[in-house]
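A quick write-up on the structure given underneath.
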Amino acid sequence: MLSTSELERVLAAAGLVAPVHFEEVTGSTNRTAWDLAVGGAPEWTLVAAGHQTAGRGRLDRTWEDVAETSLLFSVVLRPAFDPAYLGVLPLWAGGCMALAIRDVGGPDVRCKWPNDLVVGKRKLGGILCESVVQDERVRFAVVGIGVNLGAPPASVPLSEAVDADPVELLGTFLTRAAIGYDRLSSGAEGALGGAVAAWGAISATLGRTVRVERPGVPPLEGHAEGVDIHGSLIVLAPDGSHVAVSSGDVTHLR
Ligand code: BT5
C-alpha cells in the first residue's frame with residue numbers, strides 16, 4: 001500500500017532527496033504537484049494518491065480509476081534543457097514506466113505515441129506532462145503517470161491492467177528515471193537521443209500505418225517512420241513528404 005513513509009522509502013532508495021505528499025483521496029496529483037511547483041517545490045517532489053476524483057488526461061479528458069487499484073502519481077521536474085525538448089519528457093517517462101512494469105514481472109508493455117502504455121490494443125497507463133515556460137526556460141514540468149493495477153475501470157473501453165504492487169512499481173520506475181536524468185535535464189544530445197531511442201525500441205507505433213488527429217488540422221494518414229530529438233513523431237505522408245507531429249492523437253490503422 002502506498003503511504004507517506006513508503007514514498008519516502010522508494011524515493012531515497014532511488015537516490016533522490018525531495019518532499020513527498022500522499023493522500024488517500026485527492027482531486028488530481030498533477031494539480032497538487034503543479035501547485036507545489038508554483039510554490040517553489042524542488043525537483044522530484046513526489047505526489048501520490050490512492051484515488052483521484054478529478055484525474056486528468058490531455059486536452060481536458062479524464063483519467064478514471066477504481067480506488068486502490070491504480071498507481072497514481074506526479075513528480076515535479078525542473079529540466080535545464082531548452083523548452084524545445086519538452087516533447088521528450090512523456091516519451092522518456094513512458095519508456096521508464098514500460099520497462100519498470102516489465103521489471104516487476106508485468107507483460108510486454110509497449111509505448112504508443114505520445115503518452116500511452118499499451119498491451120496490444122488495450123491501454124493500461126497514461127502520462128500527462130504539463131509545464132510552464134518563462135523567459136525561454138522551463139520553469140517546471142509536472143510528469144503525472146497513472147497505471148491500472150489489478151482491475152481496469154469498467155467504464156473505459158479497451159482498458160487493461162497489470163498485476164503489480166504499487167510501491168514496488170513506483171520504486172522501480174523512480175530508480176530507472178533517476179538514472180541518467182541529470183544528463184537528460186542538461187540537454188545533452190546523447191541523453192535526449194538515448195531517451196528517444198529507448199522509447200523507439202519498445203514503441204507500438206513505429207513502423208505502423210497511423211492516422212494522426214490534431215485540433216484544427218485535417219487528419220493525416222501515413223507511415224510512422226520515427227521520432228526526432230524533440231519527441232515529435234515523423235510521419236511519411238502519401239505525397240512523400242515527412243511531417244513532424246509534435247502533438248496529437250494517433251490511431252494505429254495497420
Ligand atoms: C492520458 O491522457 O492518458 C494521461 C493520463 C495521466 C493520468 C495521470 S494519473 C496521475 C496524474 N494525475 C492526473 O490527474 N493525471 C495524471 P490522454 O492521452 O488524454 O488519454 C485519456 C483517455 O484515456 C480518456 O479519454 C479515456 O479514453 C482513456 N482512459 C481514461 N482512464 C483510463 C484508464 N484508467 N485506463 C485506460 N484508459 C483510460
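Counting starts at 1 for both ligands and their atoms, in listed order. Along the sequence shown, residues are numbered consecutively beginning with 1.
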- Task: Go through the steps for His51 and Asp65 under the test side chain to side chain contact (heavy atoms under 4.5 Å, CB included), then give the verdict.
- Result: CA-CA 7 Å; His51 174 54; Asp65 74 88; 2.7 Å; yes
- Would you sort out whether Asp116 and Arg58 count as a salt bridge (Lys or Arg N to Asp or Glu O under 4.0 Å), showing the intermediate values? CA-CA 11 Å; Asp116 289 351; Arg58 293 174 303 142; 5.4 Å; no
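With a heavy-atom cut-off of 4.0 Å, Asp116 touches ligand 1 through its side chain alone. When heavy-atom distances to ligand 1 are checked against a 4.0 Å cut-off, Asp65 has no atom that comes that close, whether in backbone or side chain. Contact annotation: for Glu160 versus ligand 1, there are no heavy atoms closer than 4.0 Å. Residue-level proximity to ligand 1 for Leu124 is absent, since no heavy atom of it falls below 4.0 angstrom.
Atom numbering of ligand 1 starts at 1 in the shown order; those under 4.0 Å from a heavy atom of Arg56 are 5 (C), 6 (C), 7 (C), 13 (C), 14 (O), 15 (N), 16 (C). In summary, the atoms of ligand 1 found under 4.0 Å from a heavy atom of Ile127, numbered by their order in the structure, are 4 (C). Residue Gly55 approaches ligand 1 through these ligand atoms, each under 4.0 Å from one of its heavy atoms: 14 (O). Of all atoms in ligand 1, listed by their number and element, those nearer than 4.0 Å to a heavy atom of Gly146 are 7 (C), 8 (C), 9 (S). For ligand 1, the atoms lying closer than 4.0 Å to a non-hydrogen atom of Ser159 are 35 (N), 36 (C). Close approach of ligand 1 to Pro153 (heavy-atom distance below 4.0 Å) involves ligand atoms 33 (C), 34 (N).
The protein heavy atom nearest to atom 37 (N) of ligand 1 is Val156 CG1, 3.5 Å. Nearest protein neighbour of atom 31 (N) of ligand 1, counting heavy atoms only, is Glu64 N, 3.0 Å. For atom 5 (C) of ligand 1, the nearest non-hydrogen atom of the protein is Trp63 CE3, 3.5 Å. For atom 35 (N) of ligand 1, the nearest non-hydrogen atom of the protein is Asn148 ND2, 2.8 Å. For atom 10 (C) of ligand 1, the nearest non-hydrogen atom of the protein is Thr29 OG1, 3.2 Å. At the shortest separation from atom 30 (C) of ligand 1 among protein heavy atoms lies Thr62 O, 3.3 Å. Arg61 CD, 3.5 Å is the protein heavy atom nearest to atom 25 (O) of ligand 1. Scanning the protein for heavy atoms near atom 3 (O) of ligand 1, the closest one is Lys123 NZ, 2.8 Å.
In this structure, a donor-acceptor pair under 3.5 Å is present between the side chains of Thr29 and Gln52. When only modelled atom types and interatomic distance are considered, Ser246 and His230 share no side-chain donor-acceptor pair under 3.5 Å. Glu64 and Thr62 share a donor-acceptor pair across their side chains, judged by distance under 3.5 Å alone.
To the nearest 0.5 Å, the span separating OH on Tyr85 from OG on Ser185 amounts to 13.0 Å.
The environment of CG in Asp82 is crowded: more than 12 heavy-atom neighbours from other residues, nucleotides or ligands sit within 6.0 Å. The 12-atom threshold is exceeded at CZ of Arg139, counting heavy atoms of other residues, nucleotides or ligands nearer than 6.0 Å.
In this structure, Ser74 has a heavy atom closer than 4.0 Å to ligand 1. The closest approach between any non-hydrogen atom of Asn115 and ligand 1 is below 4.0 Å.
Residues Leu174 and Leu91 fall within the same hydrophobic cluster, defined by Ile, Leu, Val, Met, Phe, Trp and Tyr side chains chained together at heavy-atom separations under 4.5 Å. Note: the hydrophobic cluster containing Ile202 does not contain Val210 (ILVMFWY, side chain heavy atoms under 4.5 Å, direct or indirect links).
Taking only nitrogen or oxygen atoms, main chain and side chain alike, Asp249 does not reach within less than 3.5 Å of ligand 1.
Side chain of Arg183 to backbone of Glu189: no donor-acceptor contact under 3.5 angstrom is found. Of the possible polar contacts, none joining the Arg56 side chain to the Asn30 backbone as a donor-acceptor pair under 3.5 Å is found.
Between Arg211 and Asp249, no side-chain nitrogen of the basic residue sits less than 4.0 Å from a carboxylate oxygen of the acidic one, so the salt-bridge criterion is not met.
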